Amino acid sequence: MSTLVIVESPTKARTIRNFLPTGYQVEASMGHVRDLPSAADEIPASVKGEKWAQLGVNVEANFEPLYVIPKDKKKVVKELKDALKKADELILATDEDREGESISWHLKELLKPKVPIKRMVFHEITQEAIRAALKNCRDIDLQLVHAQETRRILDRLVGYTISPLLWKKIAPKLSAGRVQSVAVRLLVARERERRAFHQGSYWDLKATLEQTKTAFEARLMSLDGVKIATGSDFDPETGKIVKNRKVKLLNETEAKALQKQLEGKVWTVTEVDEKPTTRKPSPPFTTSTLQQEANRKLGLSAKETMRTAQNLYEQGYITYMRTDSVHLSKEAIAAARSCVEQKYGPEYLSPQPRQYSTKTKGAQEAHEAIRPAGKQFRTPQETGLDGREAKLYDLIWKRTVASQMANAQLTQIAVNLQVETAEFRSSGKRINFPGFFRAYVEGSDDPDAALENQEVLLPELKAGDRPDCKQLEAIGHQTQPPARYTEASLVKTLEKEGVGRPSTYASIIDTIIGKGYAQMINKALVPSFTAFAVTNLLEQHFPDLVDTQFTSRMEQTLDDISTGEVEWLPYLKTFYQGETGLETQVKERESQIDPNTAKTLELEGLEAKVRLGKYGPYVVVENGEDEPLRASIPPHLTPDTLDRDQVQTLIKQKTEGPDCLGVHPEMGEEIFMLNGTYGPYVQLGEVSEENKKPKRASLPKGMKPEDVTLDMAVGLLSLPRLLGQHPETGANVKAGLGRFGPYVVHDQGKEGKDYRSLKKDDDILTIGLDRALELLAQPKRTKGGGRGKTKEPLRELGKHPEDGEAINLYDGPYGPYVKHGKVNASVPKERPVEEVTLDEALELLKAKKSSKTSKTSSSRSRSRKKAQ
DNA sequence: CAGTGAGCGAGCTTCCGCTTGACTT
């Protein structure tokens, strides 16, 4: 008697294998095994002529989906079929959520087993839980499967009807979808706010006071009983105080006058208010909160976090990393509590075990929260991990353990002080009992709030006290525009609205960047002009689809379908073919929308219009009777900074030709300031028949075109510049501008070149030999396995018999590999790294070399995608 | 890499969610 058990992931398969009796074979499906055809080459010839072929859903016949096996799943399916041949029974043990139920159903439909089928679900991977699940098998829940199918079809209908509309009206290859279009809209909405933002400025006073030798600070709160204006009193759209607000706005003169007036006066404490407060630890990690915290505390991108977590999961250090649940098993709670007792003592335990409940919209909770694996948590030190993995495990360990710790007890202290008619306030915080603070304090998107987490000590004060004023300063402030989204804050917002799933948060960001809807500038997501045009069109013509509520309404209906309260077919029919249905809407709008209008952006406070052209965005300025003036917008110029002056400069460059900075003193040719696809650059002479490629040099980052003088331009054009000879080797030391910015190099020709980037305060035009030597003497910065070629090998294996070049063993992000010249070959997972020999390495390299000659079509198409 | 913004025009582009291995280092 033998039974085939199918789960989603190979890691899970390996784990539960140990908990099942002999005669059970466990295999992985690797996620979904069937799907709607994703592109034309997956549509079978038999339906290619049909009107609905491109959709992959027969909208004319009860929305029957056309399922195919994607290319990358063919192998898995074949293996599963083979495994089934040997089995007398099939157990489908995928996750208990909507997608998991659907995977089981697809497996059943696809494998058409002739043997009995059971559906098994479990929530914990322990001996008891799995044995119990085995005894309580059930049938596939078809209503849940219908809910998934409805979700799948609806997403397809949205994506594959709206995207083609965008191709016709804005630009080919654009995309729209239930999730990505909402994400893009969030970015665009924030950028609009930033464009509309007007800065306001205000002043206040800061006093440094002292009592019983302890210094503390106080801020001016009110004057003559009227509150002093602060940032929140401003209207961000006007830069002025909100109408009818009764506050006193201090300007610089007034603030300084008041400062003078109050100097040397008597300060009196009028009121001391102490309030006890408690803080509760945050729940254990879900995918979304892990991504946010790893981004804030470790600086990891969502993608990096997931890759690192996957490694930890596969090595058995943590539980499953794609989850929306904050639930901890009994076992996990016990393990966390024992960690608290051992490490911090019993007084740090929460009196009762804490069980958190998931409040996220649309959560499906097929898994536990992300936590250290096992019945006993390994402490971060015990794992022996290093690098990113160690840091991420540490974060997960602390968060999990902290969740079972006692509340922190604090006292908030507010002290009011009076000096003449001015009222000042000082706030402090005392930590009476740190509780979970000992282990973990959640990071914050707002650095000011993070500061609040620290204890602010005040001396013992009581009403009537007269502290000394040591210093009184007038301080100017300016209101700040709303911050752009980061990866972390975007994921947080999407999760809050129930948009996207744990398995997709990281890829949503990839999608919107890959489609040219946004770029990442200093960790901030900045939407493109294309994003503006697409969002405008969708908001105007399909407001429901880009509403953040759309997904939660859909989820509600899907829930109702899964309980049988709503039928799936009528829902889809109304959504697509109803009077205000999607198909009807798209057809109607197709004739209404003028492509020229859709490609044109009217930005607030700008007469010039932005248009999307074949080669990117450009500005158009009406020029009376004449042809309008046009000029390209360089990619580094973002929508929020495009103002009148910027447009002026772009147009001027275009019409008057490039600015001439002067004549090169030695070459006798003119030097021009130009703006190219890669930003501003200087050029010596003009392009002509005999001089097709005149000498050019980009401006280093931070140098503004308008600040560049003739001398500076000459300096830039003379790069790389010889600084002198290295005192030890006699080789040339030069300074130049490279792909990564300004650098110095110790150029020993064939012996090798040693590069260092200049520091922020160094000037490429004036740097001398001494400073260059100083930089070269510093070690190379190798942060987290940077791109430096000087990576230390794990082990040297020996020399290649043919060319005598060294063959070394390295550790890389994809596991250990051996390297010979430019050829790398991974060491197979089952081989222990310690045992790899030179001969084995030669074999691996040989196999790799021969396979390299045949490139697959899929890798070609992937690199093409990346290039866009 | 470095100055364009219409048109010849077959066939293709595109969604979300579930997974790992391939990429290369």
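What you see is a predicted model, and the numbers here were worked out from it, not measured in a lab.
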Problem set entry | A/S632 side chain, from C-beta outward: closest of B/dC16, B/dT20, B/dT4 | B/dT4
For this session: List in chain and number order the residues that pass side-chain hydrogen bond (donor to acceptor under 3.5 Å, both in side chains) with A/S288, two or more places apart in sequence or in another chain; answer none if no residue qualifies.
Result: A/Q292, A/E495
Problem set entry | Closest to the A/E99 side chain, choosing from B/dG17, B/dT13, B/dC16 | B/dG17
Problem set entry | Identified stems (criterion: three or more consecutive Watson-Crick or G-U pairs, under 3.5 Å), DNA chain B | none
For this session: Indicate, yes or no, whether a donor-acceptor pair under 3.5 Å links the base of B/dC15 to the side chain of A/R152.
Result: yes
Exercise. Which of the following nucleotides, B/dT19, B/dC15, B/dG7, is nearest to the side chain of A/K614?
Worked result: B/dG7
Problem set entry | Student check: side-chain heavy atoms of A/W105 and A/L144 closer than 4.5 Å | no
Exercise. Less than 4.5 Å apart, any side-chain heavy atom of A/K599 and any of A/K169?
Worked result: no
Problem set entry | A/D35, nearest nucleotide to its side chain (from B/dT20, B/dG17, B/dG5) | B/dG17
For this session: In whole angstrom, give the distance that lies between atom NZ of A/K652 and atom P of B/dG3.
Result: 21 Å
Problem set entry | Selection from B/dT4, B/dC16, B/dG21 that lies nearest to any side-chain heavy atom of A/E314 | B/dG21
For this session: Could you list the residues that satisfy side-chain hydrogen bond (donor to acceptor under 3.5 Å, both in side chains) with A/D155, not counting sequence neighbours?
Result: A/R151, A/R178
For this session: Would you mind classifying the nucleic acid contact of A/G159 as base, sugar-phosphate or nothing, using non-hydrogen atoms under 4.0 angstrom?
Result: base
Seminar exercise, completed: Those residues at least two apart in sequence (or on a different chain) that pass side-chain contact (heavy atoms from CB on, under 4.5 Å) with A/S325 are A/T323, A/H327, A/T358, A/E365
For this session: Name all residues meeting the salt bridge (charged side-chain N to carboxylate O under 4.0 Å, His left out) criterion together with A/D547; count only those two or more places apart in sequence or in a different chain, and write none if there are none.
Result: none
Exercise. Given atom CG of A/L80 and atom P of B/dC18, what is their separation to the nearest angstrom?
Worked result: 19 Å
Exercise. How would you label the contact of A/Q683 with the nucleic acid (heavy atoms, under 4.0 Å): base, sugar-phosphate, or nothing?
Worked result: nothing
Problem set entry | Contact under 4.0 Å: A/S163 side-chain N or O vs B/dC15 OP1/OP2 | no
For this session: Give A/V158 one of three labels, base, sugar-phosphate or nothing, depending on what nucleic acid heavy atoms sit under 4.0 Å from its own.
Result: nothing
For this session: Kindly write out the residues that satisfy side-chain hydrogen bond (donor to acceptor under 3.5 Å, both in side chains) with A/Q180, not counting sequence neighbours, or none if the list is empty.
Result: A/S175
Problem set entry | Positions of residues 101-108 of chain A (non-hydrogen atom under 4.0 Å from DNA chain B), listed by number | none
For this session: Using the aromatic ring of A/W167 (for Trp, its six-membered ring), decide whether it stacks on the base of B/dT14 within the limits of 5.5 Å and 30°.
Result: no
Problem set entry | Sugar-phosphate only, base, or nothing, as touched by A/S9 at under 4.0 Å among non-hydrogen atoms | sugar-phosphate
Exercise. Could you state the CD1-P distance from A/I162 to B/dC16, rounded to the nearest angstrom?
Worked result: 12 Å
Seminar exercise, completed: Looking only at B/dG5, B/dT19, B/dG17, the nucleotide nearest the A/P10 side chain is B/dT19
Exercise. How long is the line joining CG of A/D72 and P of B/dT19, in whole Å?
Worked result: 14 Å
Problem set entry | Whole angstrom value for the distance that separates C1' of B/dC16 from CZ of A/F550 | 12 Å
Seminar exercise, completed: From CZ of A/R307 across to P of B/dT24 the rounded distance in Å is 14 Å
Kindly list each side-chain donor-acceptor pair under 3.5 angstrom involving residues 73-80 of chain A, sequence neighbours excluded, with atom names and distances?
unit_1: A/K73; atom_1: NZ; unit_2: A/M30; atom_2: O; d: 3.2
unit_1: A/K73; atom_1: NZ; unit_2: A/H32; atom_2: O; d: 2.8
unit_1: A/K78; atom_1: NZ; unit_2: A/D82; atom_2: OD2; d: 3.2

Problem set entry | With A/R98, the side chain to side chain donor-acceptor pair (under 3.5 Å) member among A/E555, A/H146, A/Q148 | A/E555
Exercise. Excluding sequence neighbours, so at least two apart, what forms side-chain hydrogen bond (donor to acceptor under 3.5 Å, both in side chains) with A/Y618?
Worked result: A/R611
For this session: Compare side-chain N and O positions of A/K173 against OP1 and OP2 of B/dC12 and report whether any pair is under 4.0 Å apart.
Result: no
Problem set entry | A/R178 side chain, from C-beta outward: closest of B/dC16, B/dC18, B/dT14 | B/dC16
For this session: Would you indicate which nucleotide in B/dC15, B/dT19, B/dT14 comes nearest to any side-chain atom of A/R156?
Result: B/dC15
Exercise. What is the distance, rounded to the nearest whole Å, between atom CG of A/L66 and atom P of B/dC15?
Worked result: 18 Å
Exercise. With side chains defined as the heavy atoms from C-beta onward, is the minimum distance between A/N58 and A/E50 less than 4.5 Å?
Worked result: no
For this session: Answer with base, sugar-phosphate or nothing: what part of the nucleic acid does A/A176 contact at a heavy-atom distance below 4.0 Å?
Result: sugar-phosphate
For this session: Among B/dT14, B/dT20, B/dG5, find the nucleotide with the atom closest to the side chain of A/Y615.
Result: B/dG5
Seminar exercise, completed: Of the listed B/dG17, B/dG7, B/dT20, the closest approach to the A/R151 side chain comes from B/dG17
Exercise. How is A/R611 classified with respect to the nucleic acid when contacts are heavy atoms under 4.0 Å: base, sugar-phosphate, or nothing?
Worked result: nothing
